[in-house]
Amino acid sequence: MTLAKRAVARKKEASIRPRSSARPDPLALLAWYDRHRRILPWRARPGEAIDPYRVWLSEIMLQQTTVKAVAPYFARFIARWPNVQSLAKAPLEDVLKGWAGLGYYARARNLHACAQAVAKTRAGKFPQTVEALRELPGVGDYTAAAIAAIAFDQPAVPVDGNVERVVARIYAVEESLPAAKPKLRALAAALMPPARYSDFAQALMDLGATICTPKTPACSLCPWNADCAAHARGEEETFPRKTPKREGQLRRGAAFVALREDGCVLLRRRPEKGLLAGMSEVPGSDWHSEMEEATMRRAAPKLIPPVPWRRLAGSVEHVFTHFPLTLSVYFAQVPRRSPPPSGMRWVRRRELPGEALPSVMRKVIAHALEEKPR
DNA sequence: AAGGCGTGGGT
DNA sequence: TACCCAAGCCT
């Protein structure tokens with residue numbers, strides 16, 4: 001349809017349909033999407049074939065993670081592992097290293113397990129239905145719907161935080177999250193167009209990400225503004241309602257940075273389960289709310305020969321999803337011949353960037369090594 | 001089923 | 001500054 005014809009159609013529609021009608025028009029959103037869709041590294045251009053591997057990889061990376069944070073990781077993963085078979089063949093350790101810094105590391109383990117499942121039991125082909133996708137590790141209700149819709153044009157509406165916000169505003173849903181999730185899912189499903197499911201899923205998310213934003217939404221640019229109950233009331237920002245979750249208690253701990261004369265730092269691997277599972281770290285104490293400095297000191301690694309540990313000024317602050325953390329940092333110079341304690345290893349400073357070090361540990365090492373030459 | 005599970009950017 | 005929170009999943 002030409003722009004002129006579209007304008008005519010819009011005018012005609014407006015004349016027969018009262019403002020603030022009951023149901024927003026899915027086709028209006030699709031028309032908006034055709035003009036304003038974002039160009040994203042994992043998104044196919046119009047007419048370009050869609051690669052389910054790229055859709056899946058991006059969806060896993062984007063779980064609770066911003067587009068900006070994901071982009072460089074996505075590029076590196078695609079360059080290194082261009083298809084699901086190559087990713088399946090990679091050692092888990094390499095995948096964790098590649099994921100380091102992106103957070104929620106269970107995703108990396110599930111990603112690898114999923115790649116192996118798809119490569120082995122499905123000959124490298126992703127399943128196309130929500131039900132079958134839902135069985136894959138790391139793929140929940142949202143991601144299954146997203147892959148089915150985006151990659152395979154199945155009639156599914158993935159409901160993420162963006163879509164929840166859009167729908168909550170359109171219908172001024174009073175029930176608060178997370179209790180309102182089933183209601184919001186149902187309302188979103190009712191908006192589904194008769195075709196173009198892939199575009200519609202992406203359009204809904206683009207609308208939430210660029211127009212219907214959490215703060216100061218650009219309602220004047222929204223294709224659905226005439227049908228939005230929250231906008232009619234001038235209360236866009238108050239939706240979706242949310243029940244506050246109580247905040248985590250501060251925990252404390254100590255981290256020990258040992259620098260050997262040859263420029264190596266002492267690292268170990270975290271347990272396979274729990275916080276930062278399987279990632280690397282410098283040795284340290286447990287993290288508790290009631291943790292005293294004397295207790296922390298006892299967690300210092302036992303080096304041979306023994307070395308004096310110096311507590312560095314200041315501390316490292318980090319905030320996890322469910323608790324804030326304050327780490328005391330201890331530092332020691334270690335003679336060249338000192339062997340690594342059991343379960344630990346010496347790693348050259350220049351190799352640290354490639355290690356599976358979570359951000360909190362990179363902060364600790366930076367704190368200890370700043371202004372240390374080489 | 002409520003809580004564990006990261007991180008960096010925006011306001 | 002101190003929040004808020006981003007294409008959620010798993011147990």
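Per chain, numbering begins at 1; letters A, B, ... match sequence-line order.
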Novice: Would you classify Pro178(A) as touching base, sugar-phosphate or nothing, given that sugar-phosphate means primed atoms plus P, OP1 and OP2, and contacts are heavy atoms under 4.0 Å?
Specialist: nothing
Novice: Would you classify Val319(A) as touching base, sugar-phosphate or nothing, given that sugar-phosphate means primed atoms plus P, OP1 and OP2, and contacts are heavy atoms under 4.0 Å?
Specialist: base
Novice: Given the structure, check if the side chain of Thr66(A) and the base of dG9(B) hold any donor-acceptor pair shorter than 3.5 Å.
Specialist: no
Novice: Identify whether any heavy atom of Ser359(A) sits under 4.0 Å from a base atom; if not, whether one sits that close to sugar-phosphate; answer base, sugar-phosphate or nothing.
Specialist: sugar-phosphate
Novice: How close or far is atom P of dG6(B) from atom CD1 of Ile60(A), stated in whole angstroms?
Specialist: 15 Å
Novice: Could you check whether the side chain of Thr65(A) and the base of dG8(B) have a donor-acceptor pair of N or O atoms closer than 3.5 Å, going by distance alone?
Specialist: no
Novice: Contacts to DNA chain B from residues 271-289 of chain A, heavy-atom cutoff under 4.0 Å, which residues?
Specialist: Gly274(A), Leu275(A), Leu276(A)
Novice: Taking atom P of dG8(C) as reference, at what distance in whole Å does atom NZ of Lys181(A) sit?
Specialist: 8 Å
Novice: What's the CZ-C1' distance between Arg109(A) and dT11(C), to the nearest Å?
Specialist: 16 Å
Novice: Rounded to whole Å, how long is the line connecting atom CZ of Arg107(A) with atom C1' of dC5(B)?
Specialist: 10 Å
Novice: Contact class for Arg362(A) (heavy atom, under 4.0 Å): base, sugar-phosphate, or nothing?
Specialist: nothing
Novice: Report which part of the nucleic acid Thr143(A) touches: base, sugar-phosphate, or nothing (heavy-atom distance under 4.0 Å, all strands).
Specialist: sugar-phosphate
Novice: Answer with base, sugar-phosphate or nothing: what part of the nucleic acid does Leu325(A) contact at a heavy-atom distance below 4.0 Å?
Specialist: nothing
Novice: Rounded off to whole Å, could you give me the NZ-to-P distance for the Lys215(A) and dA2(C) pair?
Specialist: 15 Å
Novice: Please work out if Trp99(A) contacts a base, only the sugar-phosphate, or nothing of the nucleic acid, heavy-atom cut-off 4.0 Å.
Specialist: nothing
Novice: What nucleic acid atoms does Val139(A) come within less than 4.0 Å of, heavy atoms only: base, sugar-phosphate, or nothing?
Specialist: sugar-phosphate
Novice: State plainly whether the residues Arg23(A) and Asp227(A) are in salt-bridge range, i.e. N to O under 4.0 Å.
Specialist: no
Novice: Using the ring-ring contact (aromatic ring centres under 6.0 Å, His included) criterion, which residues pair with Phe77(A)? Sequence neighbours excluded.
Specialist: Trp81(A), Trp99(A)
Novice: Give Pro158(A) one of three labels, base, sugar-phosphate or nothing, depending on what nucleic acid heavy atoms sit under 4.0 Å from its own.
Specialist: nothing
Novice: When you check the phosphate oxygens OP1 and OP2 of dA6(C), does a side-chain N or O of Tyr104(A) lie under 4.0 Å from one of them?
Specialist: no
